[in-house]
Amino acid sequence: MDDDKLLEILESSQEAEVRGRSDDERDPAETLGQLSDDALIEYMTNLSQGAKKDFTREEYFRDKEVKQRERDEATRAELGEKRVPIFAGCTIYINGYTKPGRLQLHEMIVTYGGKFQHYLLAKKKVTHIVATNLPLKKRLEFRNYKVVKPEWIIESIEQQKLLPWQDYALLWDQEQRNLQLNSTIHSNSTIDCKDPNFLKTFFENSRLHHLSNWKADLRSRFLSDGFNKPSRGDTLSIFHIDFDCFFATVAALSCKSCDIDRVPIVVCHGSKSSDIASCNYVARKYGIRNGMWVSRAKSLLPAGVELVSLPYNFKEIEEKSKIFYNVLKNYRIKFDLILPISIDEAVCVVINNHIPHPIDCDEICRELRSEIWKNTGGCTVSIGCSNTLVLARLNLKIAKPNGYYILTQEKMVENEADWDSYLGQFQIDDLPGIGYSIVSKLRSVRAHLNTLLQLKQCFYNSLPLLQKCVGKKTGTKILMSLEGKDDEETSRMIFEPESFFARKSLSIEINWGIRFDTVQEIDNFIDTCAEYLVQKLQEMNRKTSQITLKVLRRCANAPIEPEKYLGCGECDALSHNCRLGIPTSELGVIATELKSTFRLLGCPSKDLRGVSIQFNKLVEVSYDQNENQQRLKLPFQKTLNFDVFDNLPNDVKHDFSKELKRRNIVLTSSPRPKATYAGTYEEKFMEELPTQIRNEVKNDLRINRKIRKTKVDELREQNQRRKESIKNVRAHLLGHESLFEPIKFQKEARFKDICKIVMEWFDATLIEGPHEKDLLLFENYLDRLSDSNRVPLILRISKLISVRLNLKSNQYGQEVGFQEWEQFLLRNVIPKLNKNKHTFQTVRKLDIDFDI
DNA sequence: CACGATTGTCAG
DNA sequence: CATCGCTGACAATCGTG
């Protein structure tokens, strides 16, 4: 037993005494004690299945951690009420032996507002580590953390304030000295992707992250709010409303000294290679544009004119936006649709044939603009109004800044000359859907293409040419736009808003500040990202069945450090996706998959410049499926296959066996000697490693094992197997040899192999259902087992099928095949078990209840 | 050709 | 002091059998 473990056990008994709680309550398996029988067995089964993947020890401890935290909260409520929350925001881990002891420190931290981390698996969350001395290995492990002496806690409490950790740092080498130095000089402003808080800090300051997140929120709110859906034939009035240089306006409003109408203002972080998020119209007059670097913007200004750089004010932006959407929602004319485009932009739709009198668009535009201006304390919006989305958008362009413009499609095509002069006002990239890349493609056909009129004249009667140039759909879309009409895809926003705004994927992307040295560090980072995403996934009650990892790798000839500070520079993008057999929302599974995928992409750690994780195929965890799973729970759940127990991580077995004993839950089938692993080099090697390293090695071995056998091979094999199984089933229909002939006739066939065949057969027939004759043969086989007193084997087969049904219920629950298998299990297999209950009990001396 | 995987594009 | 180059949808293109 290693020190940590020993310490932990000692401490739990110590704590029990001090708090005066009963032994039972302080049991390390306390968590388990709170579960129902069913939940416990389910938990163990999950844990056991997961354990094969070496991962669930983490989940188990995470669970314990949660409970512990709840207790901490209680302690704080009890003792810490009147205490100053000195350690608010700190998450502290205590390493090894300390003086005063772990227990006392724990209580001090918790009562003074800090969080206490019991296990280091959530390393990234830990802000400080308390230790009196550290062995070399740990020094290495903790080198990027703030490691302090216990005196830091004690003296902070004595002085009733958080003292600088640097004064109490447990220094040991240059790296730690540097960490201290950096922290002292820049307090906490250093950006380092190895820092556990990097992601959080980055996102808090990233405009694009906020933009994306706001948009997602608005979309989901839209879907839950309710709306009137127009039909294709309806006549519509569409108002496209958009703030004028929103970020810049908001920033200027909170800066009394700057006049937004007179001085050029930009919103940005820095002074050189920083992106301009938003610039006012004075700045635009000089050619400054959003997205431009500050250095470029400055160079555009004539001598004597100073650029005013203002910081972001995300909070205020959210506030103004809330007001904006409220004005729209409460406007005297009820809009049938208020489609959120972004934080500062919405499309409002009125269905004219639903109302008795035609609406006055002009008046609406004026009213809305003044309402919004008043309510937001001085933000202006512009409005483009029409009967199609594309024209509303183009009209908005004309309206800006601080105006409105109304023109309908019919009006526009009435007179060709008017239409042409209208189109002549726009640059080609004013057309929605045309950006940098398509412009250059178009210009490769005709070099000096500038206005929409020129675009129209160039391609008016040559759709095929245009499609060859920019692609099929894009070509069609462009020509339709030039007639003022919306294409199919764009109209979906209005006519099928549910599907248009529904979320189809979930992703995270960081292409700034990424500088790593080792794969280990990258693994940690991937863990953090995965955790962030999985939390979102679970919040929206979804699972994913396909994951993509995309990385940016520095181009071979690109400089190590690009011009932009911590930017990604010139990169190649590499991506790889992997399909998961069963949809999941489990962090362990997902993070492991990602880490192994990263290795597949073969990007050198030091050349990594960007990371992106996408969950591509989302499935809803519906109430239906939960119900399904419940219904599938089988009568023998009060027993537990020994294998389930045996597969548990060694260090938690003890907890479980105690709990099982307490509840009189019995293990079925006798323990097999653990022949599979014992004596192998791997195992011996592992046994000699300290726990913390052992887990790391395990993880690495596992990942490597995965890589050796690539996903592609795996898929190929799966496919092959599936094809063969199906062939067998089909063959039967043609009167050929049955899948089950061998079982029936070759009594030597090993049970294990039979199980394998049954599973393959099961998998292959989940959709269409097993063949009747095969089922008869199978039942025949089961009867033979029954006759020869081998009931436990029947039990194992039924367990196998039931577990399998559970696993597949999400994906196949509705399929005929699935339901036929379920029926077969309930009607044909379970009764056999019940019939043999007596024999079974006698033979096995087990207490099993087969009530259905 | 049909497919799935990967890469590209756009918007705000 | 730098600086905070996200995210989701769909289209195009590539590779495979």
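In what follows, chains carry the letters A, B, and so on, assigned in the order in which the sequence lines appear, proteins first and then strands, with residues in each chain numbered from 1. Computation of the quantities below employed the complete heavy-atom set of this structure, encompassing side-chain atoms and omitting hydrogens, waters and symmetry-equivalent molecules.
For R393(A), a side-chain nitrogen or oxygen approaches OP1 or OP2 of dG12(B) to under 4.0 Å. Of the side-chain N and O atoms in S507(A), one or more sit less than 4.0 angstrom from OP1 or OP2 of dG8(C). Contact annotation: K473(A) reaches the phosphate of dA11(C) (side-chain N/O to OP1 or OP2, under 4.0 Å). Taking 4.0 angstrom as the limit, H209(A) places a side-chain polar atom (N or O) nearer than this to OP1 or OP2 of dT7(C). Applying the 4.0 Å criterion to OP1 and OP2 of dC4(C), one finds that S274(A) has a side-chain N or O inside that range. For S437(A), a side-chain nitrogen or oxygen approaches OP1 or OP2 of dT9(B) to under 4.0 Å. Considering only side-chain N and O atoms, Q546(A) lies under 4.0 angstrom from the phosphate OP1 or OP2 of dA5(B). A sub-4.0 Å separation between OP1 or OP2 of dT7(C) and a side-chain N or O of S612(A) is absent. A sub-4.0 Å separation between OP1 or OP2 of dC4(C) and a side-chain N or O of K564(A) is present. R207(A) has no side-chain polar atom (N or O) that falls below the 4.0 Å cut-off from OP1 or OP2 of dC6(C). For the OP1/OP2 pair of dA9(C) and a distance below 4.0 Å, the side-chain nitrogens and oxygens of S505(A) include at least one atom meeting the criterion.
Proximity note for F203(A) (side chain, C-beta onward) versus dA2(C), dG12(B), dT7(C): the nearest is dT7(C). For S273(A), the side-chain atoms get nearest to dT3(C) when compared with the rest of dG12(B), dC10(C), dT3(C). Here the side chain of E489(A) is nearest to one of dA12(C), dT3(C), dA11(C), namely dA11(C). Here the nucleotide nearest the side chain of F202(A), chosen from dT7(C), dC4(C), dA11(C), is dC4(C). Picking from dG8(C), dC10(C), dT7(B) the nucleotide with the shortest atom distance to the side chain of R492(A) gives dC10(C). Proximity note for I191(A) (side chain, C-beta onward) versus dG8(C), dT7(C), dC4(C): the nearest is dC4(C). In this structure, of dA5(B), dG12(B), dA12(C), it is dA5(B) that holds the atom nearest to the side chain of N577(A). For Y565(A), counting side-chain heavy atoms from C-beta on, the closest listed nucleotide (dT6(B), dT3(C), dG8(C)) is dT3(C). Comparing dT6(B), dG12(B), dC4(C) by their nearest atom to the side chain of N205(A) picks out dC4(C). For S575(A), counting side-chain heavy atoms from C-beta on, the closest listed nucleotide (dG12(B), dT7(C), dT7(B)) is dT7(B).
When only modelled atom types and interatomic distance are considered, R492(A) and S499(A) share a side-chain donor-acceptor pair under 3.5 Å. N213(A) and K536(A) form a side-chain donor-acceptor contact under 3.5 Å, judged by distance and modelled atom types alone. Judged purely by distance below 3.5 Å, without hydrogens or angles, the side chains of N616(A) and R579(A) never pair a donor atom with an acceptor atom. Between E345(A) and H240(A), the side chains place a donor N or O and an acceptor N or O closer than 3.5 Å (distance only, hydrogens not considered). Using a 3.5 Å distance cut-off with no hydrogens or angles, the side chains of S491(A) and D486(A) do not pair a donor with an acceptor.
Per the geometry, CG belonging to L208(A) stands 16 Å off P belonging to dC10(B), to the nearest Å. The CZ atom of F247(A) sits 12 Å away from the C1' atom of dC6(C) (whole-angstrom rounding). The distance from atom NZ of K215(A) to atom P of dG8(C) is 10 Å, rounded to the nearest whole Å. Rounded to whole Å, atom P of dT9(B) lies 13 Å from atom CG of L442(A). When rounded to the nearest whole Å, the span between CD1 of I428(A) and C1' of dC10(B) equals 15 Å. Residue I547(A) contributes atom CD1, which lies 13 Å from atom P of dA5(B) at whole-angstrom precision. Remark: C1' of dC6(C) and CZ of F198(A) are 13 Å apart, rounded to the nearest angstrom. Regarding W512(A), its CH2 atom lies at a distance of 4 Å from the C1' atom of dC4(C), rounded to whole Å.
The pairing partner recorded for dC14(C) is dG4(B), the criterion being a Watson-Crick or G-U wobble arrangement whose two distances lie under 3.5 angstrom. For dT3(C), there is no paired nucleotide, since no Watson-Crick or G-U wobble pair has both relevant distances below 3.5 Å.
Below 30°, between 30° and 60°, or above 60°: for F227(A) and F222(A) the angle between ring planes is below 30°, a parallel geometry. Between F247(A) and Y312(A), the ring planes lie perpendicular to each other; the angle is over 60°, past the 30° to 60° tilted range.
Residue contacts shown for S271(A) are limited to sugar-phosphate atoms, with no base heavy atom under 4.0 Å away. Here N290(A) lies out of heavy-atom contact (under 4.0 Å) with every strand. Across all strands shown, G569(A) has heavy atoms under 4.0 Å from base atoms, whether or not it also approaches the sugar-phosphate. Within the nucleic acid shown, A277(A) has no heavy atom closer than 4.0 Å to any nucleic acid atom. Nucleic acid contact class of R609(A) (heavy atoms, under 4.0 Å, all strands): none. Using a 4.0 Å heavy-atom criterion, one finds that Q614(A) contacts no nucleic acid atom at all. Within the 4.0 angstrom heavy-atom criterion, base atoms lie near G270(A). Residue contacts for E345(A): at a heavy-atom cut-off of 4.0 Å it reaches the sugar-phosphate backbone alone, with no base atom in range. When heavy atoms are screened at a 4.0 angstrom cut-off, I510(A) is found touching the sugar-phosphate backbone but no base atom. Within the 4.0 angstrom heavy-atom criterion, only backbone atoms of the sugar-phosphate kind lie near G435(A); the bases stay farther away. Using a 4.0 Å heavy-atom cutoff across all strands shown, D275(A) reaches sugar-phosphate atoms only and no base atom.
A donor-acceptor contact under 3.5 angstrom links the side-chain atoms of S212(A) to the base of dG12(B).
Checking K550(A) against T474(A), the closest nucleotide of DNA chain C that is more toward the 5' end is the one next to K550(A). Judged by closest nucleotide on DNA chain C, P562(A) is the one of K504(A) and P562(A) placed further toward the 5' end.
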Nucleotide N/O to protein N/O under 3.5 Å, stretch nucleotides 1-3 of chain B:
none

task = Go through the steps to decide whether E531(A) and Q535(A) satisfy the test side chain to side chain donor-acceptor pair (under 3.5 Å), and finish with yes or no.
result = CA-CA 6 Å; E531(A) 194 178 4; Q535(A) 190 182 340; over 6 Å; no
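Within the 4.5 Å cutoff, the side chain of N290(A) has heavy atoms near those of the R284(A) side chain.
Atom CH2 of W373(A) is surrounded by 12 or fewer heavy atoms from other residues, nucleotides or ligands within 6.0 Å.
With sequence neighbours excluded, the residues forming a salt bridge (charged side-chain N to carboxylate O under 4.0 Å, His left out) with R207(A) are D275(A), listed by chain and number.
Between the OG atom in S585(A) and the CE atom in M540(A) there is a gap of 10.5 Å [rounded to 0.5 Å].
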